[in-house]
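So the structure is just underneath, and the comments pick up after that.
For the single chain, residues carry numbers from 1 onward in sequence order.
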Amino acid sequence: MLVQQECLGVICVFASEKPVVSERKLSLLETLSAQVALGVQNALLYREIREHADTLERRVQERTVQLETANRELESFSYSVSHDLRSPLRGINGWSQALMEDCRGQLDQNGQAYLDRIRIETQKMGTIIDGLLELSRISRREVTFEIVDMSSAAQTLAARLHEEEPERKVEFVIEPGLIARGDPRLLEVMLSNLFANAWKFTGKHKSALIEFGRTLIDGMPVWFVRDDGAGFDPAYARRLFGPFQRMHRASDFPGNGIGLATVQRIINRHGGRIWAEGQKEKGACFYFTF
Ligand SMILES: Nc1ncnc2c1ncn2[C@@H]1O[C@H](COP(=O)(O)OP(=O)(O)O)[C@@H](O)[C@H]1O
Ligand SMILES: [Mg+2]
């Protein structure tokens, strides 16, 4: 049995009677041995590929475990750092408050202004730490998978936003009957961040439209939250999801820049993906799968 000049084996043919090996029989036997040789070669290749696949799978598993451990360590490190930073920060806040109350008169105008600045900066740092803790809480949480009525969650969130600012003219168009499988609490946090952003970044327009639904992109079902508000420079579309990344001035649109990072973590924890499209003053659309 020859395959590409390599001998894979030998076929012996035994006959009970005195054999008469005719040309025809010989050529039949040759075809047979060629076929068997190919079969054997296929089987050998298959075994080799299986072994490779097994090794690869084992390696992937090992790496995954290592990565998960490293991730957990990082998470718990960032959690305890943020947590521990709170108490000295509370100290700075408290002592500068004491300084302000008890010794304000001894400070000149400059001194008082510096003190005010210290307090503003510590408050900023406080919101950053709260943001970090919130993010790390999302990552440490167990994800449960349940059937979630996304349309009615969206309706509730929209109603809440209208209640908070009834004077605003914002129309919500929410596709009815949308069901998903995921963690109800986390999906609500996710949607509420996207809705709050859409609400906030349409705030400088007289009226606004916010849409929530599902569409097909390249044949794949994709969720979206779209608004016709301030939008953003598309060059920074990827950056938006980094913690504390903000494309708008705090004086125009207040915020701590942790919302989209939280949203992305939630989507990732559901095995999905999120991306954004936008144009300055032409609105933004956040697409996600999970
Ligand atoms: N709907 C939106 N329209 C325009 N820009 C947005 C929208 N949502 C998010 N962004 C941009 O992404 C940044 C990050 O969003 P986020 O993490 O929610 O932070 P925050 O809401 O605190 O500003 C925002 O500061 C803004 O620049
Ligand atoms: Mg936000």
Side-chain angles (χ1 to χ4, degrees), residues 134-135 137-232 234 237-238 240-241 247-248 253 255 257-279 281-290:
E134 167 75 15
L135 254 185
R137 227 172 265 136
I138 299 279
S139 314
R140 292 148 65 94
R141 237 184 84 112
E142 250 343 287
V143 179
T144 65
F145 282 87
E146 294 166 39
I147 300 295
V148 183
D149 183 343
M150 296 292 277
S151 299
S152 79
Q155 293 287 3
T156 310
L157 290 169
R160 202 178 296 159
L161 288 165
H162 274 303
E163 256 166 45
E164 281 166 18
E165 282 178 83
E167 69 287 357
R168 279 196 55 194
K169 286 200 180 63
V170 181
E171 186 193 350
F172 276 94
V173 175
I174 292 168
E175 194 177 323
L178 294 178
I179 303 291
R181 219 176 84 78
D183 190 307
R185 174 78 194 105
L186 289 181
L187 291 181
E188 196 206 314
V189 171
M190 186 263 310
L191 212 53
S192 117
N193 269 300
L194 291 177
F195 272 31
N197 279 348
W199 183 272
K200 172 166 61 181
F201 291 103
T202 50
K204 299 241 184 287
H205 292 183
K206 273 208 212 76
S207 64
L209 175 68
I210 298 174
E211 296 164 90
F212 169 63
R214 212 155 41 170
T215 181
L216 285 180
I217 294 183
D218 296 331
M220 290 286 289
V222 174
W223 302 83
F224 66 87
V225 173
R226 183 183 294 125
D227 67 67
D228 56 358
F232 53 84
R238 279 165 181 276
L240 304 181
F241 300 96
M247 301 307 139
H248 296 86
F253 299 100
I258 209 73
L260 286 182
T262 309
V263 167
Q264 189 181 45
R265 277 206 193 178
I266 293 175
I267 296 285
N268 287 348
R269 296 219 56 197
H270 282 77
R273 205 164 76 75
I274 181 161
W275 65 100
E277 284 176 6
Q279 289 284 339
E281 280 311 319
K282 291 207 176 124
C285 187
F286 290 82
Y287 292 103
F288 50 101
T289 62
F290 66 92

Practice item. Could you please spell out the steps behind the side chain to side chain donor-acceptor pair (under 3.5 Å) verdict for Arg168 and Thr202? Key: CA-CA 10 Å; Arg168 279 196 55 194; Thr202 50; 2.8 Å; yes

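- Between Asp183 and Arg269 no salt bridge is recorded (no basic side-chain N to carboxylate O distance below 4.0 Å).
- The CD atom of Glu277 sits 8.0 Å away from the CZ atom of Phe232 when rounded to the nearest 0.5 Å.
- No side-chain heavy atom of Ile174 sits less than 4.5 Å from a side-chain heavy atom of Pro176.
- The distance from atom CD1 of Ile274 to atom CD1 of Ile267, rounded to the nearest 0.5 Å, is 5.0 Å.
- Remark: the Thr144 side chain and the Arg185 side chain contain no N/O donor-acceptor pair separated by less than 3.5 Å.
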Check your understanding: For Ile266 and Ile138, what are the C-alpha separation, side-chain angles and deciding distance, and is it a side chain to side chain contact (heavy atoms under 4.5 Å, CB included)?
Key -> CA-CA 7 Å; Ile266 293 175; Ile138 299 279; 3.6 Å; yes

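- Side chains of Ser207 and Glu171 form no contact here, defined as non-hydrogen atoms less than 4.5 Å apart.
- Shown here are the ring pair (Phe, Tyr, Trp, His ring centres under 6.0 Å) partners of Phe224, two or more places apart in sequence or in another chain: there are none.
- Distance check: Ser192 OG to Arg160 CZ gives 7.0 Å after rounding to the nearest 0.5 Å.
- With a 4.5 Å cut-off on side-chain heavy atoms, Asp228 and Lys282 do not count as touching.
- Just one residue in the list Trp223, Phe212, Phe241 forms a side chain to side chain contact (heavy atoms under 4.5 Å, CB included) with Phe286, and that residue is Phe241.
- To the nearest 0.5 angstrom, Lys169 atom NZ is 12.0 Å from His162 atom NE2.
- Taking the side-chain contact (heavy atoms from CB on, under 4.5 Å) definition, one finds that Glu167 meets it with Glu165, sequence neighbours left out.
- In this structure the side chain of Leu260 never reaches within 4.5 angstrom of the side chain of Asn193, judged on heavy atoms.
- Judged purely by distance below 3.5 Å, without hydrogens or angles, the side chains of Arg273 and Thr289 never pair a donor atom with an acceptor atom.
- How far CD of Glu134 is from OG of Ser139: 10.0 Å, rounded to the nearest 0.5 Å.
- The minimum heavy-atom distance between Pro184 and Glu146, with the atom names listed, is CG-OE1, 3.4 Å.
- Considering all non-hydrogen atoms of both residues, Ala276 and Ala237 come closest at O-CB, 3.6 Å.
- Under the 4.5 Å side-chain criterion, counting only non-hydrogen atoms from C-beta, Met150 is not in contact with Ile179.
- Between Arg141 and Leu186 there is a side-chain heavy-atom pair separated by less than 4.5 Å.
- Using a 30° and 60° split on the angle between ring planes, Phe172 and Trp199 fall in the parallel class, below 30°.
- Aromatic pair His248/Phe201: ring centres closer than 6.0 Å.
- Among all heavy-atom pairs drawn from His270 and Phe290, the shortest one is CB-CB, 3.8 Å.
- With hydrogens and angles ignored, the 3.5 Å screen pairs a side-chain donor or acceptor of Ser151 with a backbone N or O of Gly177.
- In this pair, Trp275 and Tyr287 present their aromatic rings parallel. The plane angle is below 30°, not in the 30 to 60° band.
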Exercise for review: Step by step, work out the side chain to side chain contact (heavy atoms under 4.5 Å, CB included) result for Leu187 and Met190.
Suggested key: CA-CA 5 Å; Leu187 291 181; Met190 186 263 310; 4.0 Å; yes

Exercise for review: May I have the step-by-step check of side chain to side chain contact (heavy atoms under 4.5 Å, CB included) for Ile210 and Val173, ending in yes or no?
Suggested key: CA-CA 6 Å; Ile210 298 174; Val173 175; over 6 Å; no

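- Not a single donor-acceptor pair under 3.5 Å links the side chain of Asp218 to the backbone N or O of Met220.
- Annotation for Arg214: atom CZ counts as buried by contact number, over 12 foreign heavy atoms lying within 6.0 Å.
- Residues Leu194 and Phe288 are in side-chain contact: their nearest non-hydrogen atoms beyond the backbone lie under 4.5 Å apart.
- In plain terms, the two heavy atoms of His205 and Ala230 that are nearest each other are CE1-N, 4.3 Å.
- Shown here is Lys204, whose NZ atom has more than 12 heavy atoms of other residues, nucleotides or ligands within 6.0 Å.
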Practice item. Could you walk me through whether Leu240 and Met247 pass side chain to side chain contact (heavy atoms under 4.5 Å, CB included), step by step? Key: CA-CA 7 Å; Leu240 304 181; Met247 301 307 139; 3.1 Å; yes

